[in-house]
Amino acid sequence: MSRFEPKIVGFFCNWCTYTAADLAGTSRLSYPANIKIIRMMCSGMVDPKYVIKAFLNGADGVLIGGCWPGDCHYINGNLKARRRVAMLTEILKAYGIEEERFWLRWIAASEGNMLQEVVEEMTEKLKELGLGQLNREKMAG
Amino acid sequence: MKYQYYPGCSLEGTAIEYNIATQAFMKAMGHKLYEIEDWTCCGASAAESISSLLSLALPARVLALAEKQEKIKDILVPCSACYLNLKKVEVKIQSEPGLLEKLNFLFEDEEISLKGSVKVRHLLDVISTDMGPAQIAARVKEKFENLSIAPYYGCQCLRPYAVFDNPEAPVSMEPLLKAVGADIHPWDMGGKCCGASHMNTKMDVALELVGGILKGAKGADAIVTVCPMCQMNLEAYQKKISRLQGEDLNNSILYLPQLLCLAFGLSEKDVGLDKNLSITAEFRKKAGLT
Amino acid sequence: MADFKKLPFSKGELNTKLADFFKDMLEKKTVDALLAPMVQPKKGVMQTLVTHPSHVEAIDIFAPVVPVNAAKLASSLTSNPSGRKVAMVLRSCEIRALIELVKLKQAHLEDVLLIGMDCLGRYENQDFFKFQEQGNTSEDFIENALAGNTAFNDTDISAACKICEFPVADNVDLRLCIIAAGSGELLIESLTEKGEKALDSSDLSNAGAPKERQNAVQQLTEARINARDLLFKEHRETVNSIDALENEFAKCINCYNCRVACPVCYCKECVFVTDTFRHNGDQYMSWADSRGTLKMPADTIFFHLTRMAHIGLFCVGCGQCSSACPNDINLMPIFRTIAQKTQDRFDYQAGRSVDEPQPLAVFHDDEFIEVTGQVK
Amino acid sequence: MHERIGFYICHCGINISYRIRVEEVAEYAATLPGVAVSRDYLFMCSDPGQELIENDIKAYNLNRVVVASCSPRMHEKTFRGACQRAGLNPYNAFHMVCVREHASWVTENEDEATAKAKVLASAGIKRVVFQDPLIPSRFKVNSTTLVVGGGISGMQAALDIGASGFKACLVEKSPTIGGHMLQYDKTFPTLDCAACIGTPKMVEVGQSPNIDLLTYSEVENVSGFIGNFKVTVNHKARYVKSNCTGCGECAKVCPVELPNEWDENIKMRKAIYIPFPQAVPVRYVIDKRSTPPCKLACPAGTNVQGYVQMVKVGNYQQALNLMMERLPLPGVLGRVCPHPCEYECRRAQIDAPVAIRDLKRFAADHANLEDVPLPQVPEIDQKIAVVGSGPAGLTVAYYLRRKGYQVSMFESMEKPGGMLRSGIPDYRLPPAILDQEIDHILSTGITLETNVKFGMDFSLKDLRENGFQAIFLGIGAHVPIKLNIENEDAEGVIDAVPFLYRKNMQNDRTTGRQVVVVGGGNVAMDAARVALRSGAEKVSVVYRRTRKEMPAEEEEIQGAMDEGIEFVNLTGPKKIVVENHRVCGLECIKNELGPADNSGRRRPVPVVGSEYILECDMIIPAIGQKVDLKPILEKAGFETTAWGTLSVNHTTMQTTVPGVFAAGDALIGPATVVEAIAGGHRAVTAIERYLNHEMDLFEQENQGRKTAVEEKNYVPIPANAPRVNREKPVFFETAARRNSFEEVDLGLDEVAAQKEAARCINCGGCCECRLCVEQCRAMAIDHDDTDQQEVIEAGSIIVATGFDALDPTPISQFGYGRYANVFTNLEFERLSNATGPTSGRLLKRDQNNPMVFTEPPASVAILHCIGSRDINYHEYCSRTCCMYALKYAHLLKDKCGHETEIYNFYIDMRCFGKGYEEFYNRVQSEGVHMIRGKASQVTQEDSGLLVVKAEDTLRGKIVHVPVEMVILCTAMEPRADVNKIARTFSITTDKDGFFQEEHPKLAPVSTPSSGVFLAGACQGPKDIPDSVAQAKGAAAECLALSAKGEVEVPPMTSFIDPDICVGCKVCIGLCPYSAIEFDEFRNVSVVNNAVCKGCGSCAGHCPSGAAKIRHFTDKQIFAEIDGLLLN
């Protein structure tokens, strides 16, 4: 059986994590291809609906990337994102979408290497956790 | 607290007194040591010149054996060279992707595997971080008086992994020595290299380095070490250096746990002081030994 | 400090006495209007708005039925205020929802004299009709319920009421107390200056604080909390995956009645009925392509999960969602278990206080560090 | 289905195609719904690539275009342009997919990379279908450019902007522009003098009509957006107005010397200063810090630092003048003050506190009260009565008189002075001093009536009837605290207070033969020493604890001991032994110290059975006093407290009778003189406000009081300051004291006083002696200046905040800070500079005093890469060190002689600029030793010679090079406050902490924040030519904006659908820019497009989806998610 490759959707803030992903690229820091990035202008723009939709569409993990507190390009969008994530985590957890599948991380524009580490770590973690729920059903059915 | 114990080869041979003193000290402090079963050589400095992988595999095997003992995570290592080799593996398996798999592949036949869950601790780290001067002071029978000690750290417990002290200006021994009533000899040679195994290959270089240390310690009643190699270089070559330099640079050299245990009231025999090569009569007198 | 006045009544006279009390209030112009449950000319009991004293006769406040959560009605009356003072007689769940709506600028309490009542539960609408048809009265219900018996024939009060920790309404101006009020007596308690003023202008005589009340309320609350915890535990054990959730919603037809009945689902138009969810044909096709099958109507679980995200923090547990579902989906425990988790995370309780900001409307620098676990 | 999509994947040379099978991706894309054409191409961003798109749009009638290539942050604009040229709305038609940075470059496996590219392409193709046409808003551009930082980059940028005719506003935080470049001596490789090429630029900046120069100012906040920034600038209080002529007379008289930052602290400057002679603007500045701790500690708020400095420079009159602003009795306080100031003195952190009280006394004794200037104020026709002439009363009288009020004093005793006269013995406070100071106070026009007792000889009513509009009560009545032991009323027992009173006031010289004083406070010491002087044969002090716990001042105890007074410690009185009702002894009991009590002192516990009798014929209890005013005041209608003191409002000092105020011991019980004076000052303020009907000011102040504790900004304690002994006053010979009431403490002599005053470290910077004010002919000095805020409108911003030099102290192996002759590069620059501490001579430092320079070094080691190229500090290369190290080598050879041995310890030589390699060759040919190997340590031999150790990697040998001087080439690092600056301007920093440019190659001066540009070393280490070039680039960017006069702002702003909005207003609270308003009429929230920046805080929350971000709508994101996951 081929190894399980989790699908991760990244919602990355244009000013920090998306730029960090660009930097990881220019620095040729390789990381698992499991993550696919959607460009947002700010982590504070990520509507909980997007995360729910991603999981319902079969994502095994969702990673929101924002600026470190205090560094938000829009002053405090990331702080709002943090509260939304805290709230949404509680709902997802209740239905077996573990906290380890839904990450918010602060990754500054200069932290290309951290982006690499976070994606590697998350991919590893998801491999340990195995298939996300909706994929499990699909595999079973 | 409980520690796993890795004495290493030196402590079975040339540095047997370090082994004796370390065990006596840990016992006096109320900590238990569990010697890692079936431990082997850390690779010393020889392995690396033969194979880089071998130089990692040897210490990695020791760590893997230690992991069998699941409850105790800290490995106490008195020898700085062993400490460095073991530490190197602990650090590298975290930072070098694929290394852990490579090592475990080597261990397949032996049916052991390494996860990276143990922590390598130098004896000095354990004494200064886990115990500290207050606990030491509490066990002192009689404090030394007018005893000036030059704390000598050497390289390998400080560099390149600055875990518990500043490699350029180490100080971790000072509060411990003060706790037993010793005065700290003012010098800045504590973190300098003793020449290590250059003593065998490029003796002139090593003699110069040891000479610098002994010179710096003039005025001290003893130099205290935490490494068999440092101890050996400082005690075994001081006569030769004195002769070469035309200056009496002889001094007492002993291991840190030896000195601490003496303050606890243990006998010379208890701490293996009879095995040391250069304990001066004057030191014996000042330290209150008869 | 709470002041009590007593409203004595002989058997069968409770509603008459209450009607007198409110009639007096309207006559004295303490308020200009009254919103309270009243017997309807045809059938049933509904919240009814009355502006003339002569029309309060039909009042039946303690009728064990809540056809709609009246927070929504209060919102209709006050979001574009009439400028007239209105007394509203509401239950705890309605008041707590109303407080959330006030925070969301969907209702205003300036011109409202808020009157809470002890609530012993409600029957589902159909059950209440039967209850009424068989000649039972509110007084009968109170008498039995106070004795610990809420059941009537083979039906009982709604599941939501059985696990409701708030039999007594807080944040009100006046409170109509029946729990431990003494037989043949109803106590009216004033809790605010506004309430005190209204009560003082009535002709009722003073009463001391009922000694047993606190104890009785506590006992009732504890019993309900126990029932709640038991239900939550069972629910969480069974409905713990998306699969199980789909099972719960298997009968859902996307009618969105739950959200219409929900007092805190405050949007004018739910996002699920806006353009955002009006998909193109090829989108449906592509979903079917990739998933193999596509249940229609689609987005069912998406809708319910999103609704949890939107109102989980405001849910007051009134159970109107369950009552409103045409296919008898038991939404109440689903939403209440989620609400407990999300509200706890923010140390928030829907309807506890008007002054408590809603969790997602505010934010601070150093909080929820554990979400990212990162410290610079 | 009317979508006609064109898909293009770029090879990017090989950057994408080496890892992604681009043809396969294109083939795959062609199969997706709506895709009309799908191609791969070598360089999509090239002209032919763009033309390909434009032609396809026409040929295939495309309405959507998706390009998969590099990051959209790179070429999104390029392709939007292509779509626009072909007649499509680019926001509607175009979407870009990143397959280079996010796929080919970060994926090792070709299959995986190709698969990822397909997924990303599919998401892009799905998304583009839902994009809407958008039209960017256009705004006018304010043509002013704000330049932040006045170093060479900032100056150059401002000059270029000014030259174009547009305005620049240059903000610099220090008092002068110039920056690091102007600190240097010569510049490599041409060796032109930095000042020669730099100062003309400074002058030009100062004079250009198009440059608004704001020095000593900092940007606090930036709001707005490109073309329309609003910048709040804080002008720090400079205390010198713009009419300063720069003559420097003020600095000549300034007594305070502080290290000059401009000279890297190796030269001193005054508290009023310009950093260097050519500073621009030539406008002095006063370095004023937090109020010094001594002044804060003084209850009366005396300007301690001021008068100490005045003593230091020998201006005793000004010292007295400063004291008299707060202390009406300087000579008295100079003798008896318990000096709380000294306990707070920060000099104690070096050795011991400054002897402030002795200095106060010295100044008071050496200046004339008559010469103290009185403020020129008009007489005020309002009468005030001051009852009681103790320190509080005298304070109130004097300072109200100074304001012009008519003051009359009433005193119950024969002579004025209160407890000062009756309670303090003459040998401590000679009556002549007291008389002299009270006479001076009265000489200002205050009438005094003595021998009149309030409540007996006159009443409140009398005062009112006599036209007194305000009355001050400064009456303290002291009642002894009893011992409460047997026979306390026996003959021969007299309490210390009446005992001293008789001695002081009635010249009574009788005493017992054997005297026992009970107590350990100052009064006990006074009584004991007075008894001795009055002829007692033996005097004993009985105290219940040990000497360590005695509350009396150390010098009083010492004085008593010196004079032969016996101390019976750890002993308590038990009973007075009498014979014929006369004292014949004191029965004592021994104590031992038990556990500590609440005050932290160990409680004495009597030892059972240890009683014994101390023979004596006089017992003086001195265990304390209290105030009891009840008998006097309650009759007059005043309320008193349970303790017998007057009841007042402690803010307004007003008693329960309106218009009657009080202070001093009457309020707080027995306290010190200086506390009484402090109370007097508060009463002065209160009475003045009362008379002017301004009592409500108290209320307002109370409300306005800040609760936050402000962090103290003291002058730092000098590192390695030598320890200096505290000067001690001379004392009257012990043997002669016995029968003499002559003053014991004879004070400091002039040499000692000045030496002592010089120990002050000037915590507050400026000492506010105000000598400068007198000196300044232009009247430019304003000590009451405060920070001012100004809002500046600008269209563009250039951040040119420069760098900090790394502090090498923590790299302890190089000995910086320990060895006098280890210099940093900047210190060496100042040494070499003609305006530096040695006027340009390259000299060694004195081993013992680093501020003294001696002779030129015979040998110098220059250590490269200190903190640079070092993973422990900074991994990067600081780019300038190699070259300036060569410059230093040359300068040393040039100035100290060719025979000077110079050693450069380097890792690699990096001489990459124009003329740099040639300069390297030239310096080598001058005989400079180049040693390839980073120095590992510097040690100092006893002779002071420094030894540099390194591995010469070319020879493979360890070398030890003895030299007389070492220069550390320290790293250039980001400014310490770089994060604050970054936040202020909404820009980011790179991994090294320097500001991040928008693109390392193509946009090196832009930042991700539109309209904010970078210049100079704040973006990364650079030399002068590079900084100037970047500054010119940044200026050009700003000029382009200003010249165009109009800016397009991306249309990705928020929009709230009024049909869906329910008016909950949550979005209004979440919006960081207050861009959302509420339309009360329609009951919906409305976005102000000009203010919205498109962050999506509103859309991310709005449950109904009424709030949307254009170009990031739910439908678009949903489609993208579908594309990523459903394949």
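So you know, we letter chains A, B, ... as the sequences are listed, proteins then strands, and number each from 1.
- At a 4.5 Å heavy-atom cutoff, Asp1057(D) makes no contact with chain C through either its backbone or its side chain.
- Both the backbone and the side chain of Tyr266(C) come within contact range of chain D, each with at least one heavy atom under 4.5 Å from a heavy atom of that chain.
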Asp1114(D) and Phe277(C): CA distance, side-chain angles, deciding distance, side-chain contact (heavy atoms from CB on, under 4.5 Å) verdict: CA-CA 9 Å; Asp1114(D) 286 352; Phe277(C) 285 87; 5.6 Å; no

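- By the 4.5 Å heavy-atom criterion applied to side chains, Ile1060(D) and Lys268(C) are not counted as neighbours.
- Heavy-atom distances place the side chain of Asn280(C), and not its backbone, under 4.5 Å from chain D.
- Interface check for chain D: of the options Met285(C), Arg307(C), His279(C), Glu269(C), the most heavy-atom pairs under 4.5 Å are formed by Glu269(C).
- Val1066(D) and Ala361(C) make their closest contact through CG1-CB, 3.9 Å (heavy atoms, listed as atom of the first residue, atom of the second, distance).
- Proximity to chain D (any heavy atom under 4.5 Å) is restricted, for Gln106(C), to the side chain, taken from C-beta onward.
- The shortest non-hydrogen separation linking Lys1115(D) to Arg278(C) is NZ-O, 2.9 Å.
- Interface remark: Thr274(C) contributes side-chain atoms only to the contact with chain D (heavy atom separation under 4.5 Å).
- Here Ser1104(D) is the residue among Cys1067(D), Gly1105(D), Ala1119(D), Ser1104(D) with the most heavy-atom pairs under 4.5 Å with chain C.
- Within 6.0 Å of CD on Glu875(D) lie no more than 12 heavy atoms contributed by other residues, nucleotides or ligands.
- Cys1061(D) touches chain C through its backbone: at least one of N, CA, C or O sits under 4.5 Å from a heavy atom, while the side chain does not.
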